[in-house]
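Every value quoted in this text rests on a predicted model; they were computed, and no experiment measured them. In what follows, chains are A, B, ... by sequence order, proteins preceding strands, each numbered from 1.
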There are 2 protein chains.
Amino acid sequence: MLRECGVDHVKVEPLAERLAVTKGSFYWHFKNRNDLLRSLPEFWARSQTDPVVAHVETTAGSAIDKMRAILEFIAREDPDRYDNAMRAWAIFDPEVAAAVAQIDDRRMATVRALFEGAGLNPDDAAFRARLWYFYDVGEHVTRDTPVSVEERLERAQHRLKLLTSDLD
Amino acid sequence: MLRECGVDHVKVEPLAERLAVTKGSFYWHFKNRNDLLRSLPEFWARSQTDPVVAHVETTAGSAIDKMRAILEFIAREDPDRYDNAMRAWAIFDPEVAAAVAQIDDRRMATVRALFEGAGLNPDDAAFRARLWYFYDVGEHVTRDTPVSVEERLERAQHRLKLLTSDLD
DNA sequence: CCAATACCATACGCCGGCGTATGTTATAGT
DNA sequence: ACTATAACATACGCCGGCGTATGGTATTGG
């Protein structure tokens, strides 16, 4: 329900009906609605045992090779509406914003390390990782019309070229 | 209320109280709540008579000079929570998504034109504009902790350098 | 001057969702 | 076999928000 309609539609009774139980049962597992909501960010964060991070660690080759691997991996993944839902929530809830920011930082750190591995100094690497990562965020957040995998792959190549043309 | 809490908190009675009128009065101006909501995207779009576009047109100099002008302008602007609210809304509402996408396209087109003016072919210019613009989106959407103007200005310079280093 | 219209208030019925109090069943430990 | 506890169901009271019906006031054109 969070994914499809946003936090404000995560409500006890509709949720119970969807699970084919009664709300009496809900209040056995959660103290109240707020208790459920506060448990969601952690639940989400745990589900983000980043396949990306795992994927980059199993990839051999240079830093740029790994970057290419990441980009292809992400391009093939179908866009994660869960991420978007959390981000939408985070806009109005500082606690959630902090949780999301933590994940963002972790992901950016991965990319930053790769740029450092490609020879950039920490500052430049950090900024280039921001540029890299924010592009992902922008693509996800603004995706009102779906884009084909081919299109995404092509853009990924373009991005890699642009962000690493001065390296090697 | 949209800005501060999101669409789902745009409700008739709280709204009426905030305006120190009764809801009877509300239903004179709007058919119902949905009528109000559907009027909001257009209202927002109209408020986006882009100061940025206006600003770039009054700036003299080369394409890159104009880019610099844009970046400085945006860096000094305080982050627009209205934009974020619309974006959060758009995630769950295709109609709103279309409205926001229209604004996004318009803004990107401005940047794209500048990159073309700097000598890039349409495709490269389009992609680089995406990279440029999505960075803005990412910075706004992920801003849980505020950043100083100086920091933003420095990042703007960094961005300009990175995205135009091969031009001139 | 008065009636039409714009604008707002009052008052009501309704429903969805919250939380609680209390029952019911199944399972496991002793 | 008995009880404790986990997991669910039933049933209620409450409130916030929606929409409607109706009444009031003020301004304005004829």
Is there a donor in the side chain of N121(B) and an acceptor in the side chain of E116(B), or the other way round, less than 3.5 Å apart? no
R33(A) CZ - dG19(C) P separation (whole Å): 8 Å
Is it the case that the side chains of N32(B) and Y27(B) hold a donor-acceptor pair, with the cut-off being a distance below 3.5 Å and no angle test? no
Which heavy-atom pair separates Y133(A) from R87(A) by the least distance, and what is that distance? OH-NH2, 3.5 Å
Take the protein atom CG of D8(B) and the nucleotide atom P of dC18(D), then report the distance between them rounded to whole Å. 11 Å
Heavy-atom closest contact (H158(A) atom, D123(B) atom, distance): CE1-O, 4.4 Å
Is the ring centre of F134(B) less than 6.0 Å from the ring centre of F134(A)? no
From CZ of F26(B) across to P of dA6(C) the rounded distance in Å is 18 Å
To the nearest angstrom, the CZ-C1' distance between R18(A) and dG17(C) comes to 17 Å
Whole Å only: how far is the CG atom of D35(A) from the P atom of dT20(C)? 12 Å
Are more than 12 heavy atoms, taken from residues, nucleotides or ligands other than E77(A), located less than 6.0 Å from that residue's CD atom? yes
Separation of dG19(C) P from K11(A) NZ (nearest whole Å): 12 Å
N34(A) CG - dG17(C) C1' separation (whole Å): 15 Å
Quick check for you: among dC18(D), dG19(C), dG17(C), whose closest atom lies nearest to any side-chain atom of N32(A)? dG19(C)
Does the pair R143(B) and E151(B) meet the rule for a salt bridge (charged side-chain N to carboxylate O under 4.0 Å, His left out), with working shown? CA-CA 13 Å; R143(B) 203 195 298 289; E151(B) 181 79 22; over 6 Å; no
Just the table, please: protein N/O against nucleotides 8-10 of chain D N/O, every pair under 3.5 Å.
{"residue": "dC8(D)", "atom": "OP2", "partner": "H29(A)", "partner atom": "NE2", "Å": "2.6"}
{"residue": "dC8(D)", "atom": "O5'", "partner": "S25(A)", "partner atom": "OG", "Å": "3.4"}
{"residue": "dA9(D)", "atom": "OP2", "partner": "T22(A)", "partner atom": "N", "Å": "2.6"}
{"residue": "dA9(D)", "atom": "OP2", "partner": "T22(A)", "partner atom": "OG1", "Å": "2.8"}
{"residue": "dA9(D)", "atom": "O5'", "partner": "T22(A)", "partner atom": "OG1", "Å": "3.4"}

Ignoring the backbone of E13(B), work out which of dC18(C), dG17(D), dT20(D) is nearest its side chain. dG17(D)
Output the single nucleotide from dG17(D), dT20(D), dC18(C) whose closest atom is nearest the side chain of Y27(B). dT20(D)
Between dG19(C) atom P and L15(A) atom CG, what is the distance in whole Å? 13 Å
